[in-house]
Amino acid sequence: MSRNHLLLYCRPGFESDMAGEIQDKAAVAGIYGYVKTKKDSGYVVYITQEPDGAWKLMGNLRFDDLVFARQWCAAVPMLENISQTDRVSAILEALNEHDFPCCGDVVLETADTNEAKELSGFCKKFVNPLRQSLRKADKLTSKPNEKISRLHCFFLDSTNVYVGITDTRNSSPWSGGILRLKFPKAAPSRSTLKLEEAFHTFIPADDRDTRLAPGMKSVDLGAAPGGWTWQLVNRSMMVIAVDNGPMQQELLDTAQVDHREEDAFTFQPPKQVDWMVCDIVDKPSRSAELMARWLVNGWCRETIFNLKLPMKQRWQAVQSALQMVEDICAGQGVQVELRCKQLFHDREEVTVHGISV
Ligand SMILES: C[S@@+](CC[C@H](N)C(=O)[O-])C[C@H]1O[C@@H](n2cnc3c(N)ncnc32)[C@H](O)[C@@H]1O
């Protein structure tokens with residue numbers, strides 16, 4: 001059987017969207033299988049027909065291109081009802097039986113549900129004994145050339161666990177695929193964390209100083225009360241904040257914010273800006289059309305956009321919105337690179353990054 005279970009972690013409630021996405025992408029990659037989902041579980045399993053199909057599929061796809069996946073790993077079938085007194089042996093047995101290579105790290109995780117999170121104390125206690133046993137069995141090493149593979153133990157409860165492997169160059173660097181950020185007290189709304197997470201997700205660390213540089217010009221569409229504007233101001237940028245609603249006074253007092261009480265759908269910047277960000281609640285098609293207009297006209301160099309997804313068929317809605325941006329831009333001879341992720345701080349929405357290339 002080997003590693004034929006592709007385990008994908010997602011936001012609880014988005015399992016059918018995750019399932020639709022992986023089925024479509026696996027079919028394009030020619031790796032066939034079926035999907036197992038449980039509503040509100042926070043994960044999906046895609047079981048491939050080929051023996052090592054999950055690992056092969058991960059090699060064919062880019063993790064960054066998956067919208068609804070927070071993390072993934074190529075796992076073996078679930079280890080069921082393992083002994084509560086000797087979990088290590090059950091895990092080692094599976095690693096040997098399925099010929100797992102020596103890994104550079106091991107992480108113990110659970111789904112992002114209240115029920116599963118109760119296991120986090122157990123995971124913390126279990127990780128060190130497991131590490132020691134893995135080292136003794138030559139399944140864990142600190143040698144740099146082994147650092148590219150990471151072992152995942154995904155506990156559904158204290159006796160049922162998926163054991164899988166990821167390539168650290170093609171997966172999320174964060175435990176459970178979740179980037180935990182501290183809410184900055186001075187920011188006027190919690191949505192500030194969505195933009196901060198988007199910067200971490202879409203802009204590589206090495207590029208942040210140049211692509212999010214002090215003095216850059218930006219536009220925030222649908223800015224009030226100013227959570228996203230706060231992120232831009234905090235990076236010493238100048239911001240045109242477009243919204244009929246009131247902005248936080250402290251932000252206006254910085255003299256970095258020019259508040260325009262205008263309609264974001266008709267607003268045009270006086271000159272090209274470095275960044276346009278937008279968090280307006282509207283239909284995905286309308287937001288997509290607005291994003292395309294900014295990219296086609298070269299009004300901004302880069303953009304980060306939220307697509308709100310109150311509908312049932314969310315994967316389809318995301319696909320059509322992204323296709324729409326690409327089609328409009330291609331129709332005008334503008335090539336764009338789009339990336340889209342459901343971030344940890346996103347709720348019924350996904351975040352898109354766009355740049356013309
Ligand atoms: C979700 S809130 C934005 C929150 C903001 N990103 C923050 O972090 O504080 C959406 C905002 O879009 C604004 N909005 C909706 N339609 C708009 C339009 N056509 N033009 C300008 N602003 C609009 C609303 O007034 C509202 O303040």
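Order of listing sets the numbers, starting from 1, for every ligand and every atom in it.
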Protein contact to [atom] [nearest heavy atom, distance to 0.1 Å]:
atom: atom 17 (C) of ligand 1; value: I280 CD1, 4.0 Å
atom: atom 19 (N) of ligand 1; value: D263 OD1, 2.8 Å
atom: atom 24 (C) of ligand 1; value: D243 OD2, 3.5 Å
atom: atom 12 (O) of ligand 1; value: G222 CA, 3.4 Å
atom: atom 20 (N) of ligand 1; value: A264 N, 2.9 Å
atom: atom 6 (N) of ligand 1; value: D279 OD2, 2.8 Å

Could you tell me which atoms of ligand 1, counted from 1 in the order shown, lie closer than 4.0 angstrom to a heavy atom of [X]?
X: F265; value: 19 (N)
X: E262; value: 20 (N), 21 (C)
X: A223; value: 5 (C), 7 (C), 9 (O)
X: P225; value: 9 (O)
X: S191; value: 7 (C), 8 (O)

Out of P246, G245, A241, G227, the nearest non-hydrogen contact to atom 7 (C) of ligand 1 is supplied by G227

Check whether any side-chain heavy atom of L134 lies under 4.5 Å from a side-chain heavy atom of L95, and answer yes or no. yes

Close side-chain approach of D112 and P12, heavy atoms under 4.5 Å: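 Contact flag for D112/P12 side chains = yes.
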
Below 6.0 angstrom between ring centroids: does that apply to W275 and F199?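 Yes, the ring centres sit under 6.0 Å apart.
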
Is it the case that ligand 1 has an N or O less than 3.5 angstrom from some N or O of A224?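 Min N/O separation from ligand 1 is below 3.5 Å for A224.
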
Polar contact flag for W228 and ligand 1 (N/O pairs, less than 3.5 Å):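 W228 vs ligand 1: N/O contact under 3.5 Å present.
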
Aromatic [Y] / basic [X] pairing, under 6.0 angstrom, 45° off normal:
X: K341; Y: F63; result: yes
X: R314; Y: F14; result: yes
X: R286; Y: F265; result: yes

Of the backbone atoms (N, CA, C, O) and the side-chain heavy atoms from C-beta on, which set of [X] has a member under 4.0 Å from an atom of ligand 1: side chain, backbone, both, or neither?
X: P188; value: neither
X: W230; value: neither
X: S189; value: side chain

Does a donor on one side chain sit under 3.5 Å from an acceptor on the other, for Q323 and D327?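 There is such a pair (donor and acceptor under 3.5 Å, judged by atom type) between the side chains of Q323 and D327.
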
Should we say atom CG of D207 is surrounded by more than 12 heavy atoms from elsewhere, each under 6.0 Å from it?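 It does: D207 CG has more than 12 such atoms within range.
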
For N297 and Q268, run side-chain contact (heavy atoms from CB on, under 4.5 Å): C-alpha distance rounded to whole Å, both residues' side-chain angles, the deciding distance at 0.1 Å, then the answer. CA-CA 10 Å; N297 289 299; Q268 284 186 27; over 6 Å; no

Which of these, L295, V277, V273, sits in a side chain to side chain contact (heavy atoms under 4.5 Å, CB included) with T303? L295

So does N81 get a backbone contact from the side chain of N160, meaning a donor-acceptor N/O pair under 3.5 Å?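 Pair found, side chain donor or acceptor close to backbone of N81.
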
